[in-house]
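Comments concern the structure below.
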Amino acid sequence: MPSVAEILIPLALDTPYSYVVPAGLELANGDVVQVPLGPREIVGVVWGLTETAGGSNLRPVTGRLPYPPLSEPLRSLVDWIARYTLAPKGSALSMVLRLPDEANAAETIRVAVRITDKPPSRPTAARTKVLAVAADGALRGKSALAKEAGVSVSVIDGLIDDGVLETVAVEPEPVAPRPDPDFPRTPLSPAQGEAVDELLKGFPWHQPPGDTEAPADLRPVLLEGVTGSGKTEVYFEAVAACIRAGLQALILMPEIALTAQFLDRFAARFGVRPAAWHSGIGGKRRERLRAAVAEGEALVVVGARSALFLPFARLGLIVVDEEHETAYKQEDGVHYHARDMAVVRGRLEGCPVVLTSATPAIETRVNAARDRYRHVLLPERFGGRKMPDIAAIDMRRDQPERGRFLSPPLVNAVKHTLERGEQALLFLNRRGYAPLTLCRACGHRYQCKNCSTWLVEHRFRRALVCHQCGYAERRPEACTECGTFDNLTACGPGVERIAEEAAEVFPGRRIVVLSSDFPGGAERLRQELDAVAAGECDVVIGTQLVAKGHNFPFLTLVGVLDADIGLTSGDPRAAERTFQLLQQVTGRAGRGEKPGRALVQTYQPDHPVIAALLSGDAERFYAEEIQAREAAGLPPFGRLAALIVSASDRAVAEAHGQALARAADPPEGVMVLGPAEAPLALVRGRYRFRLLVKTERNVDLQGYLRAWLARGPKVRGNVRVAIDVDPQSFL
DNA sequence: AGCACGCCGACT
DNA sequence: GTCGGCGTGCTC
C-alpha cells in the first residue's frame, strides 16, 4: 500500500495537497519537503500521513529538505490561527515558513586583513597611510581599514597582492551569544523581589525554594506596574530563571520599542546583547538566527511580532512587553494580534506567558479581573522616585491668543523649566502643520482623492498629504475649486505649527520636532532621539512616538497640547487609547532625580478620561470604561469584526462592499454596523473598504461570517475579502 | 504565489 | 493583422 502525505503549501490554499511518498523516503509530520506544484517545485510541510489502497495518480514528493521539522505545537498554532482568523491554512503556514530567499543571502564580507612583516615593494603615499593605520597588527575589515586610512579599497587589494597584508577568514559574528543568568546585577528593590517570587510561582519549570510540590499554574500573567516601577528588571529575572532551567525565552516588543537602549539594558543584566529579530534583519543573518533558534542554541530572542512564529526547540517563556501596544496588530495578510497569539502559543507549548504594561488593554484587565490571567502588581516607582505631578489647564479660561495654541500658563512653565537648564516636551499627536485646509472664499475642504480623509498640510514640504495612503500634492496657490488666489487657510495645529510658535515664544532655545516623518528617515530620527536623551535640546515637540521607547533623563516638564484629540474619533476604543497615550506621555516627566510635572491643556477637564488622568486614579478609569463597554456590548464583552473588501479599483471595492452589506442578513445577536467611519483607504496599491460587525459574546462570529461570505456576491479574483476579527482601529 | 489562457485595445 | 495589458482560474 502506498503512503500518501498531506502536504501544506505556504500559499493561499485552504487545504493540504496529497502526494505519494516514494519508496525509501521516510516522512514524519512536520517534515519540510519539496513537492511539485504545477510546473514548479515548491516547499511544503507534512501535515498528515495515510496509507491508501490502490495505485493513485498522485504526484510524488520530491524529497525531504534539510531543515528542522516543524514541532507539533507550531503546527497546531498554524491550524489554530487559520481557524481563528478565517485565513487559508497555507497563508498561516507562510508566516512560520519564511525559508531562505537565496536572492538576498548577502552578508557583510567576513574577511579581515592584518599586516605582515614584508615591506611593500613599491611604497606610495596611499600605501604609507594604510600601513600607518595597520601598524598595530590588529585585524580589520577591508573596507574599515580603507576608510580609516582614507584610501580606496583597491589600495588594500594591491597590498594584499603584494603580500604586505594578509587576509584572515573571520568567524561570523555569533547570532546568538549566550546570556549569563548569573551576571552581576544591581539589586532589586523589595517590591521587585516580591513581584519576581509572585511571578515565578506556578511556572512549571520553577521550583520555589523549600516548596517541593507547588502546583503548576499555566495561566498567562499580567505584570502591571506604573512607568518607572522596574517591570523590565522583574521579567528579566523570569528570563534568567528560564535560562537556568535550560529553556529558551522569547521577548516580544512593539517594533518601535526595539531600541539600542533596550538591548543595552539587557546587556547590563545578562552580559551580552540578546539576539534581535525584526523585519530589518535579512539574508544569511536571518537564516542563521532561525537555525540557532531551532537548535535551541539561541537562549533568548527579542523580537517584533513576527518572532512569535520562530521554530523554538524548547520554549520556556514568552514575555509580551507593553502588551497594550497597537503595533501588535497585524493588519495585512493574515490579520492577527500578536499578544493574543502569544497566549495561544504559550498554551500549545505548555509554557508561561507574561504580559507587561503600565496601562494594560481593557481586555487584558478584564481577563485578569476574571482570574483567567494571574495579576502581579508593581504599585510604586523604583528607588522611591515620585510620580509626576499632573495638572490641567482649562482652555476655556486660559485661552491662547488667536491663531496660537500654547496657553499662557504652559508658556510660563516651559520658560521656568528652561531657565533651570532642564528639558520640556510639548506633546501633540498630529504630524504636519495643519490637519485641515480650506478655502475661505468657497469653503472647499481638501480631501484625499483615494481615501475618505482630509489632507494634512506639511508646510516644510509645501504639500498637502494624506496620512492614510501617503498621497501628496503641491499646496496650491489658488483654490482648485473656485480659483480664488491666496485664500487657503490652515485649520488647527500640527507639530510643525507648534514648532513655529515655540520658536517665537522661546527665542534662542534649541527646538526639535520628532515625528515619524522626520526628514532624513528612521536612522536620522534615531540619532535625534539619542541627542535629545543626551540633553542636546531644550524643547522637544513630538507626536506619540516620544511616548514610547526612549527615555529622556533631562526631561522634567511635559505639556500636553490637546488632550481631547481622539476622544471624539468614533472609535469604540477612543477613551482607552487616549488614556493610555496620555498616561504614558505624562509619565515621561522626571525620569531623572527630579520629580516631573505635566500640564494638560483641555477643553473638558471633567471628561472621565481626563479626570482619571489628573487624579492618577487609573482604577476608576478602568472600572468605568469596563462598565461602559459591557453596557454597549463592545469588546471584550461582545466582539467586533471588520470585513475588508479590497480591489485595485476604487469603485469596485466600494460597490462590492455595499453589495456585501446588503447581503448581511444578521441573525439574533449580530449587528452589522455598516461602513466604518472613514471606510475607504488605499493600502499598498489596493483600495480597502471596511464594513463593521458587532456581535454578542455568545454568537458564533466565525460561523456567521463564513455564512455571510458564502451568501454575498461571489468573490472574483480581483476583489478580495479579508476578515479582521476584533479590529483595533477604526480610523 | 506563479503561470497559462483568453479576451479586449493600440501599434508596426 | 499581432502585441500585450490584466482578469480569471488552477495547482495534489
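Model, not experiment: these values are computed from the prediction. First the proteins, then the strands, lettered A, B, ... as listed; each starts at 1.
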Which letter, B, S or -, goes with each nucleotide of nucleotides 7-12 of chain C from 5' to 3', with contact meaning a protein heavy atom under 4.0 Å?
-> SS--BB
With distance as the sole criterion, is a donor-acceptor pair present between the side chains of A/Gln580 and A/Glu576 under 3.5 Å?
-> yes
Are any side-chain N or O atoms of [X] and backbone N or O atoms of [Y], one a donor and one an acceptor, separated by less than 3.5 Å?
X        : Y        : value
A/Glu323 : A/Ala361 : yes
A/Arg345 : A/Leu77  : no
A/Glu349 : A/Gly316 : no

Outermost contacting nts on DNA chain B, any atom under 4.0 Å from chain A heavy atoms, listed 5' then 3', are B/dA1 to B/dC3
Would you please name every residue forming a side-chain hydrogen bond (donor to acceptor under 3.5 Å, both in side chains) with A/Thr453, sequence neighbours left out?
->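 A/Thr453 satisfies side-chain hydrogen bond (donor to acceptor under 3.5 Å, both in side chains) with no other residue.
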Salt-bridge contact A/Arg305-A/Glu325 (side-chain N to carboxylate O under 4.0 Å) |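 No.
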Hey, is A/Glu331 close enough to A/Arg688 for a salt bridge, meaning N to O under 4.0 Å?
->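 Judged by the 4.0 Å cut-off on N to carboxylate O distance, A/Glu331 and A/Arg688 do not form a salt bridge.
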